[in-house]
Every structure is written in structure tokens, then in C-alpha cells.
2 protein chains.
Amino acid sequence: LEADILDWAKQYNLPQQQLEWYQKSLQANTLGGKCNRGMSVPDSVSLLLDKPLSEEEYFQAAALGWMVELLQAFFLVSDDMMDGSITRRGKPCWYRQEGVGMIAINDAFMLEAGIYTLLRKHFKTHPSYVELMELFHEVTLQTELGQLCDLLTAPDDVVNLDNFSLEKYTFIVIYKTAYYSFYLPVALALHMLNIATPENLKQSEDILIAMGEYFQVQDDYLDNFGNPEHIGKIGTDIMDNKCSWLVNQALKLATPEQRKILEAHYGRKDKAHEAEVKKLYDELKLEQLYQQYEEKRVGEIRTMIAAIDESNGLKKSIFEAFLSKIYKRSK
Amino acid sequence: LEADILDWAKQYNLPQQQLEWYQKSLQANTLGGKCNRGMSVPDSVSLLLDKPLSEEEYFQAAALGWMVELLQAFFLVSDDMMDGSITRRGKPCWYRQEGVGMIAINDAFMLEAGIYTLLRKHFKTHPSYVELMELFHEVTLQTELGQLCDLLTAPDDVVNLDNFSLEKYTFIVIYKTAYYSFYLPVALALHMLNIATPENLKQSEDILIAMGEYFQVQDDYLDNFGNPEHIGKIGTDIMDNKCSWLVNQALKLATPEQRKILEAHYGRKDKAHEAEVKKLYDELKLEQLYQQYEEKRVGEIRTMIAAIDESNGLKKSIFEAFLSKIYKRSK
Ligand SMILES: [Mg+2]
Ligand SMILES: [Mg+2]
Ligand SMILES: [Mg+2]
Ligand SMILES: [Mg+2]
Ligand SMILES: [Mg+2]
Ligand SMILES: [Mg+2]
């Protein structure tokens, strides 16, 4: 599939140097991740069909999965620039690699463009071609709106806890992560199989957005309370002034004195400040609060799954598969 | 139309702060230009119909024109970041405005997303809806490829004239500018009127790409030889290490000694260095060379226009209108 994108770049007589650059950017930015999002397209298609995929089915589903990975690569390359991040997947971020710098902005655009190249090449005659394009447009914009809200709510440089709120937290999480990571792969699978009825899409959206929200709350919980050896990294949300679930809960529960502690120590790039916040999180029993949240939320999600109408080809097993991957995960 | 984009942003319960931000970005980045590219859609539609437009026709054509302006805004916001530019249209570049910074990357994405929002809202039932989306995808990618070639050929910091060549120059100019500025508006007009046959598109592409190339050569010529009072700015291509038509011609004509002068003085941020290059341009008679190029190229373009087959609804007058706007322009 990489070859497909490059093939068509060749068709424009792109000079060799540029072609090699694009190839390098595609490889550096789409490989090396876990491909969870991409793989969930073929997984979902297989569950919907309730059988292993034929070679052709697998190819189609995998192509859609790669488009999700391209979309994610487009977001990650640019997010790392906007956040001034240092490493990604154990290597320097793309924009920090030798000779890249601000060119990474254009590289991000070209990763996005790769989606529509693949779509046109492999789905032009598919009955849902228009809907697939619209779906990518819509999810892209939703993610950008979530990103905007995140950037305005938790700027790197100014710490202002008045900006935070659970409503904004929920908006950011749903738009910035849940749509493209959870809803998009299943919606693509439904379109591929021509069973993307409004009812099937709506039921999937409701459950998957709830699941995406739960996943991110979990991520924020693990950032502070998880075992770094399991997660593979040491959490930095407190020092990075992140609008995380924990700080929003802390703000909600804090007495005026406790709030002062947060004001004084949150978002400072310093282990001693961080320790004060961690102490407060323990005092506020946020770990237990999370456990309660998890049980309640997972219960609600299970109820939603149980209520699914399978008569139009949707399958509960898709959502059960997603849920079993994340419930009580430690990494 | 701004309201259309925001309307639909509202539909996502975007927090007020984010909505205001998006509105500010739309206004700052699409207004204040000359709107040449945007206006050429209604102009072309009117010439194709050979009559003034009805209100509805004008609205449709203007909507497509705004999409071209959104695409341009997306490119300009990001180009200014990649070039480290200071001002745009007499104001600080968007990324340099108060509180913006790297958020401008996401703002650029959201300007791009505006195209597909408008398209969906106003052209969803148009017979060419798919082709319109594909056209925007394709022209976006072409421009990004041109931009990549430009960035790799003429980096800000490293001066290496071996990188330059007239072939690369032509590639950059055609992909980075000609497709979206010249071909796109006419192709949109043809689609709007349902006369975008492969023949009509191909004839338009051939002529408009030639015209776009001529336009950029002219731009490079005026940067050095034009009257700053007419152009409204003082040329900086020499100091900015631009891969311009003039330096490529100079490299082609230069004796080994003259090439040394270029090596020693091109791309230095210094008026004295610039003056040496300007002197060499005069010695090499690049002004006269340009005059010859212009006469020859315009002659060729006129021949192409004369040969147009108007039997499928295409009109020579469109191309004559474009040409008369740029021939012998001094600004
Ligand atoms: Mg980040
Ligand atoms: Mg971020
Ligand atoms: Mg995290
Ligand atoms: Mg520039
Ligand atoms: Mg540039
Ligand atoms: Mg210029």
C-alpha cells in the first residue's frame, strides 16, 4: 500500500529527491506503532461477517485500516510540533529528525492526502465511496476541533486552572480521540460491508464514543497511578499542565486550601511540585474514585451493548471485543 | 458563507471560546487579500454562460470561489510558518499574532476542513459532487508536492546553488502555484455547469498551467526589475535564497567566474551581497532575456487559445480574460 501512494506520486514526475523524502516520511510516521486503530478495521469486519476474511476482504479492510493509520500519523506529526514533544515511539519526533524541522507541517498534509489517494484507488467503485470520503472529512474536522479545544484550554506556557472543567474535558476527549480511534474504524467496517444504515451508525457511535471516553479517563488514571513498567513510560501529565481527568476531579473536590495547593504546584516542570500534586491526589482518594467510575461506566457500556439491535447486521461482539481489550488494562 | 462554516461548527457543541477562535482565524486568513483566485470562479462561469449570472448562479460560483480562498488560506498560513515569514497582507502572519503560535498548524487544518464543509452543504446534490471533492483532493496534493520540492530545493539556511535547475523550477511553479491558482477555478466553473468533459478539462489544464508558469516567471522578474511602488513591496528573492527564474537563467548563462559571484553573494541577508547579484543580472542582460521569453511564451499561449475546440461549451474568452489580466502587468 505504501507502493500505491508512491506510485501515484510518481505519476506527477515528482523529482527523485522528493519521492524519497515522501517515502521516508510515510515509513517513519506510519510504522512502529501498535496499529491498534488500523487493525480494528479488519477485526471488526471479521466479527461482522462472523468468519475469517477472504484474501480480498482482508485487503479491502486492511486498506481502510491503513487510512486510519495515515490519519493518525497526520495528527501525531502535527500534535508533536504543537506540543513541542521530544520523542514518539522511542525515536525523536519527526520534526526533530535531521533536516526535517518545519517541513514536517507539509509532510503532515501529505500523510493526510495519502488517505484520499488510497480511497480513490481502491474504493472509487464502492457504493459507499462518497460516504467514505465524507466520513474521513467529518472525523478529521472533529479531531481538529478537539485539538483546538485542548490547545486553548491547556497551553504549554500559561497555567490557569480556571480554564479547566469536566465539560471541556469531555469535549476534548470525545472529539480529539474517541471519534477517530473508536468510532471511525467501526464506521468504516460498516460502510465496507454496505450495512452502514443510520441506525447501525448511530448505535455504534453512542457506544464507541462512551468507550473512547472511558479509555482516555483510564489513560489519565494510569499516567499517575499505573505501573510505569507496564505502561512503558513515566507519566508527565501533572508537569505538562494536562487537562486530565484527575486534575478535573481534584478541582471539583478540592477545598479552597486544597485548590491553592493545585494552583501552586500544577503544571510546573519540577519533580518536587509534582510530588505535592500527587500527594493531594492521594488525599482526595482519586484512585478509589476512579475504581468507582470504572465500574459504573463499564456497567453502562455493557447495558448499551446488551441493548443493541442486531437485526440490520450490527454485532454485539464488535463492542465486546473493544471493551475486553481495554477493561482493567494496565498498559 | 462564513456563517455556514460556523453554523456547522456549532452543531458539535463547540465551546464558545473555540467557536470565537475559529471565527477569528477564518476572518484573519481569508479576508484582506485580493481574492483574485476566488473571484475567477464567478468570472469564468459568467464567461462560459456568456451572460451575467442569476442570483443563484452567482451564489454557487461564489461558494466555490470561497473554497479556493480557503485552500489558499490553508497554504499561506502554513507556508508562512515554514518560511518563518514576518508579515502577510500588511499584517503580522497569523502564527505571529498574539496567542497563536503553533496553534496555527491546527488552524490551517481547519481552514482546509472548511472547504469540505461548504462543499457538502451546497453541492451534495450536484451531479459533480464526487468530482468536486476529488478535484480539491488532487489539487491540494499537487500543491503540497510543489511545496515539498520548494522546501527541499531552497532551504532557508543552506545556500547550495547546485540544487537549483530549470526543471525543478518548472516543477515547483506548476505544482505549487499554477494548479490551484489557475487551473482549479476554471475546472470548478466547468464542473458547476456540468460541462467538465475530459476534453474541456484537458484543454483548460494545458493552457492554464502554461499561463500559471508565465505568471510566476513574471513574478520573479518583477521581484528584481519591477517598480516597488507599483508592486507594493520590495523584492527579497535574492536575499531569501529563492529558486527564482532569474537565478536559474543566470546559472545557465554564467561563465565559471560569474558563477563564483553567484556562489559568493546569493542568499545572503545583506544589501551589499544583493547588489553584486543584481549587477550580475544586469551584465547577463536578464531583463532583455525576460522580454524575449515573455513575447515567445505569450505567443504560444495565444496559439493554444486560438486552437481551442469550443464545441463542448468551453470558451476562449475565459483564457483571454486571464491572459489580459497578467500580460505586461507591472504589479
Ligand atoms: Mg501531544
Ligand atoms: Mg497535544
Ligand atoms: Mg496520557
Ligand atoms: Mg512563503
Ligand atoms: Mg515557501
Ligand atoms: Mg515573488
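Numbers restart at 1 for each chain; the letters A, B, ... are given by sequence-line order, proteins then strands.
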ask   = Between atom CD1 of A:Ile105 and atom CE of B:Met102, what is the distance when rounded to the nearest 0.5 Å?
value = 6.0 Å
note = Bottom line for A:Tyr129: the part with an atom under 4.5 Å from chain B's heavy atoms is side chain
inquiry  = Are B:His137 and A:Arg120 packed together at the side-chain level, in the sense that at least one heavy-atom pair is separated by less than 4.5 angstrom?
reply    = no
message = Looking at chain A, which one of B:Glu167, B:Glu134, B:Gln147 has the largest number of heavy-atom pairs inside 4.5 Å, strictly under?
response = B:Glu134
key: Residues, nucleotides or ligands: over 12 heavy atoms within 6.0 Å of A:Lys252 NZ   = no
task = Below 4.5 Å from any heavy atom of chain A, which atoms of B:Glu112 appear? Answer side chain, backbone, both or neither.
result = side chain
key: Segment of A:Met82 engaging chain B (4.5 angstrom heavy-atom cut-off)   = both
inquiry  = Does any part of the side chain of A:Leu145, heavy atoms only, come nearer than 4.5 Å to the side chain of B:Met110, both counted from C-beta?
reply    = yes
request  = Could you please spell out the steps behind the side-chain contact (heavy atoms from CB on, under 4.5 Å) verdict for B:Val130 and A:Met133?
outcome  = CA-CA 9 Å; B:Val130 171; A:Met133 284 196 282; 4.1 Å; yes
Interatomic distance, B:Leu141 atom CG to A:Tyr116 atom OH [nearest 0.5 angstrom] = 12.5 Å
request  = Find the one option among A:Phe109, A:Phe74, A:Phe75 whose heavy-atom pairs under 4.5 Å with chain B are most numerous.
outcome  = A:Phe109
query = So what's closer than 4.5 Å to chain A heavy atoms on B:Asp79: side chain, backbone, both or neither?
reply = neither
